[in-house]
Trainee: 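What follows is a single structure, and I will ask about it in a moment.
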Amino acid sequence: QVQMVESGGDSVQAGGSLRLACEITGDTSSILWMGWFRQARGSEREGIARISTRSGGTYYVDSVKGRFTVSRDSAKNIMFLQMNALEPDDTAMYYCAASINTMLVRGLLDVREYKYWGQGTQVTVSS
(Lines give C-alpha, C1' and ligand atoms only; values in the text may rest on other atoms or scores of the structure.)
Protein backbone atom coordinates (compact mmCIF):
# COMPACT_ATOMS: atom_id res chain seq x y z
CA GLN A 1 0.00 0.00 0.00
CA VAL A 2 1.15 3.52 -0.80
CA GLN A 3 0.25 6.67 1.08
CA MET A 4 0.78 10.18 -0.24
CA VAL A 5 0.55 13.40 1.75
CA GLU A 6 0.81 16.87 0.26
CA SER A 7 1.94 19.99 2.09
CA GLY A 8 2.93 23.56 1.34
CA GLY A 9 -0.33 25.04 0.14
CA ASP A 10 -1.02 28.62 1.18
CA SER A 11 -2.55 31.93 0.18
CA VAL A 12 -0.25 34.21 -1.82
CA GLN A 13 -0.50 37.26 -4.02
CA ALA A 14 -0.13 37.12 -7.77
CA GLY A 15 3.49 36.93 -8.79
CA GLY A 16 4.47 35.05 -5.68
CA SER A 17 5.94 31.59 -5.26
CA LEU A 18 5.12 28.43 -3.38
CA ARG A 19 6.78 25.06 -3.03
CA LEU A 20 4.55 22.06 -2.61
CA ALA A 21 5.81 18.76 -1.25
CA CYS A 22 4.42 15.25 -1.54
CA GLU A 23 5.69 12.67 0.87
CA ILE A 24 5.26 9.07 -0.22
CA THR A 25 5.34 6.12 2.17
CA GLY A 26 4.75 2.42 1.84
CA ASP A 27 5.78 0.10 -0.97
CA THR A 28 6.95 2.53 -3.62
CA SER A 29 8.97 0.04 -5.68
CA SER A 30 6.28 -0.31 -8.34
CA ILE A 31 5.71 3.40 -8.91
CA LEU A 32 6.84 4.48 -12.38
CA TRP A 33 5.29 7.92 -12.71
CA MET A 34 4.41 10.65 -10.27
CA GLY A 35 2.31 13.65 -11.07
CA TRP A 36 0.80 16.85 -9.81
CA PHE A 37 -2.84 17.60 -10.47
CA ARG A 38 -5.12 20.43 -9.51
CA GLN A 39 -8.82 21.01 -9.27
CA ALA A 40 -10.40 24.41 -9.16
CA ARG A 41 -13.86 24.83 -7.73
CA GLY A 42 -16.43 23.76 -10.27
CA SER A 43 -13.85 22.29 -12.62
CA GLU A 44 -12.52 18.86 -13.38
CA ARG A 45 -9.22 17.69 -11.99
CA GLU A 46 -6.41 18.40 -14.43
CA GLY A 47 -2.87 17.13 -14.59
CA ILE A 48 -0.17 19.78 -14.77
CA ALA A 49 3.19 18.06 -14.34
CA ARG A 50 4.65 14.60 -14.08
CA ILE A 51 8.03 13.01 -13.47
CA SER A 52 9.40 9.58 -14.24
CA THR A 53 10.81 7.72 -11.26
CA ARG A 54 13.20 5.85 -13.55
CA SER A 55 14.64 8.55 -15.84
CA GLY A 56 13.66 11.72 -14.01
CA GLY A 57 12.13 12.98 -17.21
CA THR A 58 9.48 15.64 -16.76
CA TYR A 59 6.45 16.86 -18.64
CA TYR A 60 4.33 19.98 -18.17
CA VAL A 61 1.13 21.28 -19.62
CA ASP A 62 1.40 24.58 -21.44
CA SER A 63 -0.37 26.59 -18.75
CA VAL A 64 2.42 25.99 -16.22
CA LYS A 65 5.42 25.43 -18.46
CA GLY A 66 8.22 27.82 -17.57
CA ARG A 67 6.64 28.72 -14.23
CA PHE A 68 6.38 25.38 -12.41
CA THR A 69 9.10 22.81 -11.83
CA VAL A 70 8.57 19.25 -10.63
CA SER A 71 11.43 17.46 -8.91
CA ARG A 72 12.00 14.48 -6.72
CA ASP A 73 14.23 13.47 -3.83
CA SER A 74 14.29 9.73 -4.37
CA ALA A 75 16.26 9.06 -1.20
CA LYS A 76 13.57 10.68 0.93
CA ASN A 77 10.64 9.69 -1.29
CA ILE A 78 9.45 13.26 -1.62
CA MET A 79 8.23 14.98 -4.77
CA PHE A 80 8.20 18.75 -5.05
CA LEU A 81 6.41 21.31 -7.17
CA GLN A 82 8.09 24.70 -7.26
CA MET A 83 5.56 27.25 -8.43
CA ASN A 84 6.72 30.70 -9.50
CA ALA A 85 4.94 33.68 -11.01
CA LEU A 86 1.65 32.46 -9.59
CA GLU A 87 -1.54 33.75 -11.15
CA PRO A 88 -5.12 33.87 -9.82
CA ASP A 89 -5.99 31.10 -12.30
CA ASP A 90 -3.61 28.82 -10.40
CA THR A 91 -6.01 28.84 -7.45
CA ALA A 92 -7.02 25.24 -6.82
CA MET A 93 -6.65 22.20 -4.62
CA TYR A 94 -3.39 20.54 -5.60
CA TYR A 95 -2.97 16.79 -5.50
CA CYS A 96 -0.05 14.48 -5.99
CA ALA A 97 -0.53 11.06 -7.52
CA ALA A 98 1.43 7.99 -8.51
CA SER A 99 1.07 5.51 -11.34
CA ILE A 100 2.30 1.94 -11.63
CA ASN A 101 1.40 1.67 -15.32
CA THR A 102 4.29 0.96 -17.66
CA MET A 103 2.72 3.10 -20.34
CA LEU A 104 0.27 5.92 -19.80
CA VAL A 105 -1.88 4.93 -22.74
CA ARG A 106 -4.74 7.29 -21.92
CA GLY A 107 -2.39 10.25 -21.63
CA LEU A 108 0.61 11.37 -19.61
CA LEU A 109 -1.60 13.18 -17.13
CA ASP A 110 -4.90 11.36 -17.42
CA VAL A 111 -6.32 10.85 -13.93
CA ARG A 112 -7.34 7.30 -14.84
CA GLU A 113 -3.70 6.30 -15.20
CA TYR A 114 -2.87 7.15 -11.57
CA LYS A 115 -3.64 4.69 -8.81
CA TYR A 116 -2.51 6.43 -5.64
CA TRP A 117 -3.59 9.89 -4.56
CA GLY A 118 -3.00 12.31 -1.73
CA GLN A 119 -5.70 14.32 0.03
CA GLY A 120 -4.70 17.63 -1.50
CA THR A 121 -3.37 20.98 -0.37
CA GLN A 122 -5.07 24.30 -1.13
CA VAL A 123 -3.35 27.04 -3.10
CA THR A 124 -5.06 30.42 -3.31
CA VAL A 125 -3.63 33.24 -5.42
CA SER A 126 -5.11 36.70 -5.04
CA SER A 127 -4.77 39.55 -7.52
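For reference, positions follow the sequence shown, starting with 1. What you see is a predicted model; the values in this text were computed from it and never measured.
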Trainee: For Arg38, what residues pass the salt bridge (charged side-chain N to carboxylate O under 4.0 Å, His left out) criterion, not counting sequence neighbours?
Mentor: Glu46, Asp90

Trainee: Any side-chain heavy atom of Trp33 sitting closer than 4.5 Å to one from Leu108?
Mentor: no

Trainee: Determine yes or no for a side-chain-to-main-chain donor-acceptor pair under 3.5 angstrom, with Thr91 supplying the side chain and Val125 the backbone.
Mentor: yes

Trainee: If Ile, Leu, Val, Met, Phe, Trp and Tyr residues are connected whenever their side-chain heavy atoms lie under 4.5 Å apart, and connections chain through other members, are Tyr94 and Val5 in the same group?
Mentor: no

Trainee: Tell me whether Gln3 at atom CD has more than 12 heavy atoms from other residues, nucleotides or ligands lying less than 6.0 Å away.
Mentor: yes

Trainee: Quick one: ring pair (Phe, Tyr, Trp, His ring centres under 6.0 Å) partners of Tyr114, sequence neighbours excluded?
Mentor: Phe37

Trainee: Would you mind reporting whether Met83 and Trp36 have side-chain heavy atoms less than 4.5 Å apart?
Mentor: no

Trainee: When rounded to the nearest 0.5 angstrom, what distance separates OG1 in Thr25 from CE in Met4?
Mentor: 9.5 Å

Trainee: Which heavy atom in Asp27 sits nearest to a heavy atom in Val2, and how many Å separate them?
Mentor: O-CG2, 3.1 Å

Trainee: Once rounded to the nearest 0.5 Å, what's the spacing between atom CZ of Arg112 and atom OG of Ser99?
Mentor: 12.5 Å

Trainee: Per the side chain to side chain contact (heavy atoms under 4.5 Å, CB included) rule, which among Leu86, Asn84, Val61, Leu18 passes with Phe68?
Mentor: Leu86

Trainee: When clusters are formed by joining ILVMFWY residues with side-chain heavy atoms under 4.5 Å apart, either directly or through shared neighbours, do Ile48 and Trp117 land in the same one?
Mentor: yes

Trainee: Please name the pair of heavy atoms, one in Ala21 and one in Ile78, separated by the smallest distance, quoted to 0.1 Å.
Mentor: CB-CG2, 4.2 Å

Trainee: Taking salt bridge (charged side-chain N to carboxylate O under 4.0 Å, His left out) as the definition, give me every residue that meets it alongside Arg106, ordered by chain and number, with sequence neighbours left out.
Mentor: Glu113

Trainee: In the structure I gave you, are the side-chain heavy atoms of Thr53 and Thr28 within less than 4.5 Å of one another anywhere?
Mentor: no

Trainee: What pair of heavy atoms forms the shortest contact from Ser17 to Ala85, and how long is it?
Mentor: OG-N, 4.3 Å

Trainee: So if you build clusters from Ile, Leu, Val, Met, Phe, Trp, Tyr with side-chain heavy-atom gaps below 4.5 Å, do Met93 and Val111 land together?
Mentor: yes

Trainee: Looking at Lys115, I'd like to know if its NZ atom is crowded, meaning that more than 12 non-hydrogen atoms belonging to other residues, nucleotides or ligands lie closer than 6.0 Å.
Mentor: no

Trainee: Please tell me if the side chains of Thr102 and Leu32 come closer than 4.5 Å, counting only heavy atoms from C-beta onward.
Mentor: yes

Trainee: NZ of Lys65 to OG1 of Thr58: how many Å apart, nearest 0.5 Å?
Mentor: 9.5 Å

Trainee: Strictly distance-based, threshold 3.5 Å: is any side-chain N or O of Tyr60 a donor or acceptor partner for the main-chain N or O of Val70?
Mentor: yes

Trainee: Locate the shortest heavy-atom distance separating Ala14 from Ser127; write the atom from each residue and the value.
Mentor: CB-CA, 4.3 Å

Trainee: If every non-hydrogen atom of Ala92 is compared with every non-hydrogen atom of Gln122, which pair is closest and at what distance?
Mentor: O-NE2, 3.4 Å

Trainee: Any chance you could measure Thr69, atom OG1, to Arg19, atom CZ, to the nearest 0.5 Å?
Mentor: 10.5 Å

Trainee: When you look at CZ of Arg41, are more than 12 heavy atoms from neighbouring residues, nucleotides or ligands closer to it than 6.0 Å?
Mentor: no

Trainee: How far does CG of Asp110 sit from CZ of Arg50, to the nearest 0.5 angstrom?
Mentor: 13.0 Å

Trainee: Does Glu6 use its side chain to pair, donor to acceptor, with the backbone of Cys96 at less than 3.5 Å?
Mentor: yes

Trainee: Write down the atom of Leu20, the atom of Gly9, and the distance for their closest heavy-atom approach.
Mentor: CD2-N, 3.6 Å

Trainee: Rounded to the nearest 0.5 Å, what separation is found between the OH atom of Tyr116 and the CD1 atom of Ile31?
Mentor: 7.0 Å

Trainee: Given Met79, which of Ser71, Ser74, Cys22 fulfils the side chain to side chain contact (heavy atoms under 4.5 Å, CB included) condition?
Mentor: Cys22

Trainee: Does atom CD of Gln82 have more than 12 heavy-atom neighbours, drawn from other residues, nucleotides or ligands, at distances under 6.0 Å?
Mentor: yes

